Number of protein chains: 2
Amino acid sequence: MTNKKIRNMEEFATVSGLSRPTVSKYFNDPGSVRASTRQRIEAALEAHEYRPNIYAMNQNRKLTKTIGIVVPLLTDPYFAEIARNLEQRCIAAGYRPTLFSSHGDPALEVEVLDTLRSLKPAGVLLAPLGRASDHIALEKFCGDVPTLIFDSSVGEMGLSFVGSDNFQFTRHITDYLCRTGEPPCFFEMKTPANPNAHRRRQSYLNAMEAFGHAPNVISIEGEGWGFEEIGRLGGHQALEQGLFSTNTVLCSNDRLAIGLLTACCEKKVTVGRGPDTSIRIAGQDGHPHSRYTCPPLTTISHDYDAVSETAVEALFAVIDGAVSAWKSTRLEGRLILRDSA
Amino acid sequence: MTNKKIRNMEEFATVSGLSRPTVSKYFNDPGSVRASTRQRIEAALEAHEYRPNIYAMNQNRKLTKTIGIVVPLLTDPYFAEIARNLEQRCIAAGYRPTLFSSHGDPALEVEVLDTLRSLKPAGVLLAPLGRASDHIALEKFCGDVPTLIFDSSVGEMGLSFVGSDNFQFTRHITDYLCRTGEPPCFFEMKTPANPNAHRRRQSYLNAMEAFGHAPNVISIEGEGWGFEEIGRLGGHQALEQGLFSTNTVLCSNDRLAIGLLTACCEKKVTVGRGPDTSIRIAGQDGHPHSRYTCPPLTTISHDYDAVSETAVEALFAVIDGAVSAWKSTRLEGRLILRDSA
DNA sequence: CAAAATAATTTACGCGCGTAAATTTTTGAT
DNA sequence: ATCAAAAATTTACGCGCGTAAATTATTTTG
């Protein structure tokens, strides 16, 4: 330990026997000083416990080491999980991730971007709200800050887009359902918050046509981000009105499926693929919770690691000076077979 | 809009027809300048789109407007929900909340606190990891930064503690279970991450004694924060070995209960309070997901709003100069009756 | 209406660090 | 060993703003 406190980099440089700018260079990139110099600094660091003032560091610097991560709703474990994944990759790469949630509110999303702008981040990983987003504001932000869009694309915005291949998702799981039983109905929100939902509906229609089955889309009412409750209420309606024309339901996403499962439970409708069950239910997303529904939910899962890695690498490449045209990367999902379908 | 960009507060003051320090005063507290002055600034603000440099603002200031919020695991919807609640209260009070997750890792918790320290926050709302936390590091941090501990208390640390009354929680729901059927067994982790678990076990033992029933605590193996999986595996074991001495199980928390429900589902054990069910299961926490289990989970819920408000108000009071002795505030929970028990 | 009290504003200085340019040291090729 | 090239280090300056102290404007009081 130390006897006297180090107040600033000047004092720390003195106790290290170096000049302040050399120490400054070390903190910006420890590899940029000679090994002997680095050792002296690190020895002093252990003896004196000093950390540079973040604010002073960043004020006179065009580009900080901060990476902004923005998700639409952090209370959704799917986004929490992918945010965690991104966060750890940023830390591993020597950046300081800062996490923001739009809380499902377009106005808040704009506020978050404003806050982020004044943070002068090296880059931003942004999952937009989608349909409800203020596209003008997003576009403008992307012009100011290197921004990579993930999860949900809204036009050709930012550096690039990285997400999942929703067409492949729905085609794949629809295939599975058709091959293993009655063809699925499609259970979705009438006005989905997320543009991915439209792709999934279209892909369902395509897949059903390819199989020569008549599609049946059940579009339920409901606004906002409380998907489970929307799915539960819509599920009750659909069950009461007999809207499901087959014994198989493919939900637009796992959270809707979770709500539908609850509705089935409340209506004593048995779910599963066994002989003694009356309905098969599948979801899409590989939601962290899907393993723990009753019955466990068959779903097609995002490749969390691949999406995160691709997104982060693409952003880092641009930060490190690479220039490349906007492109969209859509990664395939993995079918997860469980008991619900 | 504007024609020329404003680069700093000096330039902005010029176009406002004021001196820079007056403008600075406005940004620190709009109410501290004369109404006529405020109007001139706000008019200029609309015409010229200027935002003070955050880093320059904070570097020469002992106390920023930042509030740190730290939770053990943001992928747990319970913490995500309470973090969201705290975040919005901070914003409403004019602070800039910054969210951190320890991701269940004590080393990361310490790193987060170090990061936070260099952020010079006005205050911190900290939910510690609990048992695994580096208590020395926490104590030291609390000495440096005004820190309010919530959710899980670890000694008399920080300014105060705000959380739930775990004794009331378990007493209340145990009472309910005893009055409406067979007395409950208690399902918990042998080495819980969170100190609240010990209080709940003790409260269960007390309540059972008060009722004159023999307690039965089932302590399952498992480390870490994957409670659902731990509950599921432990549930399978307990069911196979017939460890539940009655038809009623009170789980130490909702996430364990969710895992146990999954185990029951996989073992075709019917859960509920009806005549045709074989086991009653209840949880504790009022986890956001508990509404959507099959059957929906009977639980005793944290008063999210009250905990958040009490925590935030206590912290703000200290920030605003109030001095008061350390105290522990534990709020009562609300029983939520659903179909599982 | 003048003087005192109070609030608003300005002057003047420094915070802790980044960074271009100048200088010194080290490295590598002869 | 010698000298040029490259790397490391130091010098010197400025960033954008907070804030105490000094000044000026406004309000209150007699």
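The structure presented is a predicted model; accordingly, all values stated were derived computationally and were not measured. Each chain gets a letter, A, B and so on, in the order the sequences are listed, and its residues count up from 1.
Within the 6.0 Å centre-distance limit, the rings of A:F27 and A:Y50 are counted as a close aromatic pair.
Contact footprint of chain A on DNA chain C: nucleotides with an atom under 4.0 Å from a non-hydrogen protein atom, first to last in 5' to 3' order, C:dG16 to C:dT26.
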Side-chain atoms of residues 86-101 of chain A: list all donor-acceptor pairs with protein atoms under 3.5 Å, sequence neighbours left out, distances to 0.1 Å.
| unit_1 | atom_1 | unit_2 | atom_2 | d |
| --- | --- | --- | --- | --- |
| A:E87 | OE1 | B:H103 | NE2 | 2.9 |
| A:Q88 | OE1 | A:R84 | NH1 | 3.0 |
| A:R89 | NE | A:N85 | OD1 | 2.9 |
| A:R89 | NH2 | A:N85 | OD1 | 3.4 |
| A:R89 | NH2 | A:D305 | O | 3.4 |
| A:R89 | NH2 | A:D305 | OD1 | 3.1 |
| A:S101 | OG | A:L74 | N | 3.2 |
| A:S101 | OG | A:H103 | N | 3.0 |
| A:S101 | OG | A:H103 | ND1 | 3.1 |

Name each donor-acceptor pair under 3.5 Å that joins a side chain in residues 111-119 of chain A to protein atoms two or more places apart or in another chain, with its distance.
| unit_1 | atom_1 | unit_2 | atom_2 | d |
| --- | --- | --- | --- | --- |
| A:D114 | OD1 | A:R117 | NH2 | 3.2 |
| A:T115 | OG1 | A:E111 | O | 3.0 |
| A:R117 | NH1 | A:D144 | OD2 | 2.2 |
| A:S118 | OG | A:T115 | O | 2.8 |

Distance-only donor-acceptor hits, side chain of residues 315-326 of chain B, under 3.5 Å, sequence neighbours excluded:
| unit_1 | atom_1 | unit_2 | atom_2 | d |
| --- | --- | --- | --- | --- |
| B:W326 | NE1 | B:M157 | O | 2.7 |

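Comparing B:G17 and A:R51 by the nucleotide of DNA chain C whose heavy atom lies nearest to each, the residue mapping closer to the 5' end is B:G17. Between B:R34 and A:P21, the one whose closest nucleotide on DNA chain D sits nearer the 5' end is A:P21. Comparing B:Q59 and B:T37 by the nucleotide of DNA chain C whose heavy atom lies nearest to each, the residue mapping closer to the 5' end is B:T37.
Residue B:F12 is out of contact with every strand shown, counting any heavy-atom pair closer than 4.0 Å. Using a 4.0 Å heavy-atom cutoff across all strands shown, B:Y26 reaches no nucleic acid atom at all.
In this view, A:E11 and A:I6, A:R7, A:N8 satisfy the side chain to side chain contact (heavy atoms under 4.5 Å, CB included) rule, not counting sequence neighbours. For A:R38, there are no salt bridge (charged side-chain N to carboxylate O under 4.0 Å, His left out) partners two or more places apart in sequence or in a different chain.
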